[in-house]
Amino acid sequence: MELDELKKSWNALDAQLQKEPIANEKQIKELLASYKTNTRRSLKRLVVLQRFSLGVGAVGLAVILLIWLLLPTFGFNEHLQNKTAIFLAFITVTILGGMWWDRKTYLWNRNTRVDEMSVAEVSRRMATFRYWTRYEVWAVAVWAVIFTALFYWVMDYYTMPLIAQAAMLGFCIIWDVILIYFIYKKVVYKHLDSIKKNIEELEDICTE
């Protein structure tokens, strides 16, 4: 009698163990699908931001072209007109360079196919983009310094009293820092961190 009960218990346990891998496999598939969906969503938001940036750049070029055409009608003296021309040239080069970079990174992210590529390949591509973004932040910081100095020169702020100059420079520096921090830390890196976390989870599941 005890042998029969032991045999029944063993068979029940064996049946349960056979069911467990099926449940685990299903759970793993659901987790993989969930992490891939989250990664794809964050990546799509980055692509939308880059597309928006390209659109803003195109509008900016159109506005600068209009200002160039209307510049002689503003009544500026020759000295101020030359300064304004230099400033507009700087902005034009900046927008063209920014649009080239945005298009490069936009195509890179758009061509990162989460559903078609391996986890290792997606991880490698996003690590590359994160590496590019780090240098982009430094480039934007340097650009902000040059832009502030050029704007300071064009507007003749150097002729103001020292206290007013210090206040103006302080305001520009604080504004630049806040803007860069918000754009990259609160927008770009927010999605990058989300993608990184999901990829790490995918790698953990795939190596189990």
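Reckoned from all heavy atoms, side chains included, excluding hydrogens, waters and symmetry mates.
With hydrophobic clusters built from ILVMFWY side chains whose heavy atoms lie under 4.5 angstrom apart, I86 shares a cluster with I91. V63 and L66 fall within the same hydrophobic cluster, where Ile, Leu, Val, Met, Phe, Trp and Tyr residues are linked whenever their side-chain heavy atoms come under 4.5 Å apart, directly or through other members. Residues L96 and L88 share a single hydrophobic cluster, defined by chaining ILVMFWY side chains whose heavy atoms lie under 4.5 Å apart. Hydrophobic clustering of Ile, Leu, Val, Met, Phe, Trp and Tyr side chains at less than 4.5 Å, counting indirect connections, keeps W108 apart from V48. A continuous path of hydrophobic side-chain contacts links Y135 to W100 [ILVMFWY only; heavy atoms under 4.5 Å].
Separating the CG atom in L43 from the CZ atom in F129 is a distance of 8.5 Å, to the nearest 0.5 Å. In this structure, the separation between CZ on F87 and CD1 on I64 is 8.5 Å, given to the nearest 0.5 Å. In this structure, the separation between CZ on R125 and OG1 on T112 is 3.5 Å, given to the nearest 0.5 Å. With rounding to the nearest 0.5 Å, the separation of CG in L46 from CG in N109 is 6.0 Å. For the atom pair CD1 of I67 and CG of L70, the computed distance is 8.5 Å after rounding to the nearest 0.5 Å. Residue L69 holds its CG atom at 4.5 Å from CG of L65, rounded to the nearest 0.5 Å.
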Show me the donor-acceptor pairs within less than 3.5 Å that the side chains of residues 140-151 make with the rest of the protein, sequence neighbours left out.
residue: W143; atom: NE1; partner: T94; partner atom: OG1; Å: 2.9
residue: T148; atom: OG1; partner: A144; partner atom: O; Å: 2.7
residue: T148; atom: OG1; partner: D176; partner atom: OD2; Å: 2.9

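Not counting sequence neighbours, R110 has no partner by the side chain to side chain donor-acceptor pair (under 3.5 Å) test. Here W101 pairs with K104, T105, W132, E136 under the side-chain contact (heavy atoms from CB on, under 4.5 Å) rule; sequence neighbours left out.
Of all heavy-atom pairs spanning M99 and L61, the tightest one is SD-CD1, 3.7 Å.
In this structure a side-chain-to-backbone donor-acceptor pair under 3.5 Å is present from T128 to R124.
Using a 4.5 Å cut-off on side-chain heavy atoms (C-beta onward), R51 and D102 make no contact.
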